[in-house]
Amino acid sequence: MNRDLLSAMVVERLLQAWPKAETLLRHDNCYQLMIAVILSSRTTDAQVNVVTEKLFRRFPDAKSLAEADGEEVEDLIHSVGFYRVKARHIVAAAAALLEKFDGSVPESMEELLMIPGLGRKGANVVLGDCFGKPAIIVDTHFGRVVRRIGLSDSENPAIVEREVKSLIPSADQTDFSMAANLHGRYVCLSRNPRCSECVVQDVCRYFSDRNRSSDDR
DNA sequence: ATCCCGAGGG
DNA sequence: CCCTCTGGAT
């Protein structure tokens, strides 16, 4: 099956399974979402949400966080892991908002990538979830899902983003990112994928390859 | 390519 | 014990 047809079927079914889901990172505004996204790198969202509850009470805006004591921030976010780098990043990110972007979160990919700790994945989360722009959010779940299905063959997130973006209508991109993410979390698990519960099993390359190899035994 | 790093699950 | 978790910077 060609990728245009495959992607159309996959989009339709995953959007039906997880209709217009939003990020699981708790936040009240774009500043908070930006900080939460920086903290979420290689960390479960549940861990991030525990930490941000305290963090945002102590530092409710970019100004207070930009002036924060580094060690206090490290202590507050310790349980998310990578706490030294992340503490440095979120303080510098808050400072960048004040110095370069007039205190608010910028709305373009180019500007978002100037913020310490934000890469393409984090920038796309902000673009999609905060500003309603079309975003392909390639995190560990999304990448695994689209590679297994056969929508991309690349391990490079930037290439996966570009390939999948070309396959999916702009209006569906952000919703599909979240749907594929949830599909990866709860069904297309990294270690023991639950293919019997999967809504795209019949068109999935990984599933057919898996059965082929078990037939050989 | 390597480092950052804690927490939870199997 | 090993693997994984919404990666990013050097």
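Being a predicted model, the structure only gives us computed values, none of them experimental. Just so it is clear: chains get the letters A, B, ... in the order the sequence lines come, proteins before strands, and each one is counted from 1.
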Partners of A:S104 by side chain to side chain donor-acceptor pair (under 3.5 Å), sequence neighbours excluded?
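Listed in chain order: nothing, the list is empty.
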
*Output all residues satisfying side chain to side chain donor-acceptor pair (under 3.5 Å) with A:H27, sequence neighbours left out; order by chain, then residue number.*
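Side chain to side chain donor-acceptor pair (under 3.5 Å) check on A:H27 returns nothing, list empty.
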
[Y]/[X] salt bridge by N-O under 4.0 Å criterion:
X: A:K121; Y: A:E161; result: no
X: A:K54; Y: A:D75; result: no
X: A:R13; Y: A:D202; result: yes

Short of 4.0 Å, heavy atom to strand atom, which residues of [range] count as contacting DNA chain C?
range: residues 152-173 of chain A; answer: none
range: residues 137-145 of chain A; answer: A:I137, A:D139, A:T140, A:H141, A:R144
range: residues 20-33 of chain A; answer: A:T23, A:L24

### Task
Using the test disulfide (SG to SG under 2.5 Å), find all partners of A:C198 that sit at least two apart in sequence or belong to another chain.
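So A:C198 forms no disulfide (SG to SG under 2.5 Å) with any residue.
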
(message) Can you list everything that forms a disulfide (SG to SG under 2.5 Å) with A:C195? Sequence neighbours excluded, please.
(response)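 Not a single residue meets the disulfide (SG to SG under 2.5 Å) criterion with A:C195.
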
- Under the ring pair (Phe, Tyr, Trp, His ring centres under 6.0 Å) rule, collect the residues that match up with A:F59, sequence neighbours excluded.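 Scan of A:F59 (ring pair (Phe, Tyr, Trp, His ring centres under 6.0 Å), adjacent residues dropped) gives none.
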
Once base and sugar-phosphate atoms are separated, protein heavy atoms under 4.0 Å mark nucleotides 5-10 of chain B, 5' to 3', with B, S and - as BSSSB-

#### Entry: A:D61 side chain vs A:G103 backbone, donor-acceptor pair below 3.5 Å
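Flag not set: sc A:D61 to bb A:G103 has no pair under 3.5 Å.
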
Quick one: does A:Q47's side chain have a donor or acceptor within less than 3.5 Å of a partner on A:T43's backbone?
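No: the side chain of A:Q47 does not pair with the backbone of A:T43.
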
Are any of the side-chain heavy atoms of A:V73 and A:L76 separated by less than 4.5 Å?
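The answer is no; the side chains never approach within 4.5 Å.
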
field: Qualifying side-chain hydrogen bond (donor to acceptor under 3.5 Å, both in side chains) pairs, either residue in residues 163-179 of chain A, two or more places apart
entry: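 Non-adjacent pairs meeting side-chain hydrogen bond (donor to acceptor under 3.5 Å, both in side chains): A:S152-A:E163, A:K165-A:Q173.
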
query: Earliest and latest nucleotide of DNA chain C, 5' to 3', sitting under 4.0 Å from a non-hydrogen atom of chain A?
result: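 So the outermost contacting nucleotides come out as C:dC3 to C:dA9.
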
Parallel, tilted or perpendicular: which one describes the rings of A:Y83 and A:H78, with boundaries at 30° and 60°?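 The arrangement is tilted - the two ring planes meet at 30° to 60°.
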
Note to self: Tell me whether the rings of A:Y31 and A:F56 are parallel (<30°), tilted (30 to 60°) or perpendicular (>60°).
What the structure shows: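 The rings of A:Y31 and A:F56 sit tilted, inter-plane angle from 30° to 60°.
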
Touch check for A:G122, heavy atoms < 4.0 angstrom, all strands: base, sugar-phosphate only, or nothing?
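The residue A:G122 makes sugar-phosphate contact but no base contact.
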
- Message: Give me the distance, rounded to whole Å, that separates B:dG9 from C:dT6 when you measure between the P atoms they each carry.
- Response: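 The answer is 13 Å between these two P atoms.
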
- Between B:dA7 and C:dG8, how far apart are the P atoms? Round to whole Å, please.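 Each nucleotide's P atom is 22 Å from the other's.
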
Q. Pairs in or reaching into residues 34-48 of chain A: which pass salt bridge (Lys or Arg N to Asp or Glu O under 4.0 Å), with residues at least two apart or in two chains?
A.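 Residue pairs with at least one partner in residues 34-48 of chain A: A:D45-A:R185.
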
